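One structure below.
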Amino acid sequence: MPTFRAPRGTRDLLPPERVGLARLERLAQDLAARYGYHPIETPLFEQSAVFERGIGEVTDVVEKELFLLQPRDEDAERWALRPEPTAGIVRAYVQHGMQTWPQPVKVTMTGSMFRYDRPQAGRYRQFWQFDVEAIGDPGPAVDAEIIELAARFYRDAGLPGVTILLNSIGDGACRPAYVDELTAFYRAHLGELPPAERARLERAPLRLLDSKDARMVALNAVAPQITDRLCDACAAHFAAVRTHLHAVGVDYQLEPHLVRGLDYYTRTAFEVYPAGVSGQQSAIGGGGRYDGLVELLGGRPTPGIGFGLGLDRVLLALGAAGVPATVEPAPVAVVVGSDPADTVARLRIATELRGAGLPVRAELGQRKLGKQLEAAARDGAHFAVILGDDLAGAHVQLRDLEAGTQRAVSVTGLARELERATKSHRHGLATPES
RNA sequence: GUGGCCUUAGCUCAACCGGCAGAGCAGCGGAUUGUGGUUCCGCAGGUUAUGGGUUCGACCCCCAUAGGCCACCCCA
């Protein structure tokens, strides 16, 4: 019925939901800072070639989900909204010569990503992601550190439990031979492949590994596994990642069929799911190593690893797990008055109190005092500052909305009085920290 | 992108077989014109998603479009 509405696959984040997202953003940024990741910000859009080359031409993300911007003329550069953060960050790493910075360069970014997908619950065309990247360190310890950071985020966010799926998908030294072997295996069982899978065999054989089709699951159980075909270097790296994870107490589940949708991943790959939830569009995070990406985007050969998580989906998972949504802190006091002409005084007193650092709401409307107090109580305010007849004598009534008591306080001493009253008030109350 | 289900007030939902569109919640106002969350009363809120069609008559049947959801796909 409204004339205009939010575009398909996008939504307006109204105050309650936006507050929840803000809390997660704060949590994520504080956490990243604690681990030594520095904030970075790259554009919402890039030359589409950045994604095509970085993510891979034959990936779903590039082939059908890239949000292409309409060029203004034929010769114009082709732009695309970022579908994921890593390619843009690596582009910035190369552009700004960050290989001359102390390595590894550890950066973090929080913001919107865009994919032209068919929307569904938890799958949006614009979604929020928190991301960390460590570029320039080839060692397995960084892999473990980043996965541990991920695990801590979910725990701190209040998710009762998550499952971390871990795999190694090899590198240029061992994966090609494995892909050949796997392709040959599927060819030998061509008759058992569903038509859809058969069509994908030539283009992306690894994709068949994580198929949910029952026949494929059975077939994949006897298919050659990448973890048995890793070269010595990759196998040693993978073993070391697991040793480090064990050392920091991170639980994970080996999933040899885990392949990721972006071509740039090498060696370590992982995905995170809420406890007890399988498949579907329920992944709440994922990441991995991308030792060839910097070079792919024009830099010197440089290793890297990153992790991204979907804040929308974490919010969804928190709701499903029954974790109460956070609410905005209630005002300490609300300034009310019954005389329509005293709005100057209401505003002035509220301004002074705010200047003193107190969260104060002011009733600036015309409704009667009873309604104002009603609204103040519903807002959860502890106190009401009531302007009345004694205003002429520079006094107001300070009313304790929970105790139902009130007394006269001079305007000049109001801020000090409120601070003291708030402190003693909070003493007995277990104020939940957001 | 493929297949399916759904769409009635801001929200959650009613409305017999095709026969005058309703309730709860939320909002606003009132209950001896300066004191609150309960209670009571009232007000407002709708082109029944949109556009066509069938019919004396459509929330109800048919078609299309849009949006949402489920599965696939894919991932966050």
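Note that the structure is predicted; figures quoted are calculated from it, not measured.
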Can you check the [X] [atom1] to [N] [atom2] distance for me, whole Å?
X: R125(A); N: G1(B); atom1: CZ; atom2: C1'; value: 11 Å
X: D117(A); N: C70(B); atom1: CG; atom2: P; value: 13 Å
X: R367(A); N: G27(B); atom1: CZ; atom2: C1'; value: 11 Å
X: D60(A); N: C72(B); atom1: CG; atom2: P; value: 15 Å
X: K64(A); N: C72(B); atom1: NZ; atom2: P; value: 14 Å
X: K371(A); N: G30(B); atom1: NZ; atom2: P; value: 6 Å
X: Q397(A); N: G36(B); atom1: CD; atom2: P; value: 15 Å

Which of these nucleotides, [options], is closest to any side-chain atom of [X]?
X: R5(A); options: G4(B), G34(B), G67(B); result: G67(B)
X: A121(A); options: C28(B), C73(B), C69(B); result: C69(B)
X: R118(A); options: G29(B), C73(B), G4(B); result: G4(B)
X: I386(A); options: G36(B), U35(B), U2(B); result: U35(B)

Between R11(A) and Y124(A), is NZ or CZ placed under 6.0 angstrom from the six-membered ring centre and within 45° of the ring axis?
-> yes

Where along residues 6-19 of chain A does a heavy atom fall under 4.0 Å from RNA chain B?
->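 Of all residues in residues 6-19 of chain A, the ones placing a heavy atom under 4.0 Å from RNA chain B are R8(A), G9(A).
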
Taking any heavy-atom pair under 4.0 Å as a contact, classify [X]: base, sugar-phosphate, or nothing.
X: G370(A); answer: sugar-phosphate
X: G404(A); answer: base
X: E65(A); answer: sugar-phosphate
X: I284(A); answer: sugar-phosphate

Any K368(A) side-chain N or O less than 4.0 Å from OP1/OP2 of A31(B) |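 So the side-chain polar atoms of K368(A) do come within 4.0 Å of the phosphate oxygens OP1 or OP2 of A31(B), strictly under.
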
Do any side-chain nitrogens or oxygens of Q120(A) fall under 4.0 Å of OP1 or OP2 in G68(B)?
->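 So the side chain of Q120(A) is outside the cut-off, no N or O lying under 4.0 Å from OP1 or OP2 of G68(B).
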
Pairs where residues 38-61 of chain A contributes a residue and the test side-chain hydrogen bond (donor to acceptor under 3.5 Å, both in side chains) is met, not counting sequence neighbours | E46(A)-R91(A)

Side-chain-base donor-acceptor pair under 3.5 Å for [X] and [N]:
X: R399(A); N: G36(B); result: yes
X: R123(A); N: C73(B); result: yes
X: Q372(A); N: U35(B); result: no

Salt bridge (Lys or Arg N to Asp or Glu O under 4.0 Å): which pairs involve residues 107-116 of chain A, sequence neighbours left out?
->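 Qualifying pairs, neighbours excluded: none.
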
More than 12 foreign heavy atoms under 6.0 Å from CG of D339(A): is that the case here?
->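 Count over threshold, so yes.
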
With a cut-off of 6.0 Å (strictly less than), are more than 12 heavy atoms of other residues, nucleotides or ligands near OH of Y116(A)?
->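 Not more than 12 within 6.0 Å, no.
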
Using the test salt bridge (charged side-chain N to carboxylate O under 4.0 Å, His left out), find all partners of R289(A) that sit at least two apart in sequence or belong to another chain.
->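 Scan of R289(A) (salt bridge (charged side-chain N to carboxylate O under 4.0 Å, His left out), adjacent residues dropped) gives D143(A), D291(A).
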
Under 3.5 Å for both distances, Watson-Crick or G-U wobble, that's the pair rule; now give the dot-bracket for RNA chain B, with | marking pairs to another strand and [ ] for crossing ones.
-> (((((((..((((.....[..)))).(((((.......))))).....(((((..]....))))))))))))....

Do R78(A) side-chain atoms and L68(A) backbone N/O form a donor-acceptor pair below 3.5 Å?
->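 Not at all, since once roles are kept as given, no pair shorter than 3.5 Å links the two residues.
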
Establish, from distance only, whether the side-chain atoms of Q253(A) and T163(A) form a donor-acceptor pair under 3.5 Å.
->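 No - no donor-acceptor pair under 3.5 Å links their side chains.
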
With sequence neighbours left out, write down each residue that passes side-chain contact (heavy atoms from CB on, under 4.5 Å) with F45(A), or none if nothing qualifies.
->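 F45(A): side-chain contact (heavy atoms from CB on, under 4.5 Å) contacts with L69(A), W79(A), L81(A).
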
Measure the acute angle between the ring planes of Y264(A) and Y290(A), then classify it against the limits of 30° and 60° as parallel, tilted or perpendicular.
->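 Judged by the thresholds at 30° and 60°, the geometry between Y264(A) and Y290(A) is perpendicular.
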
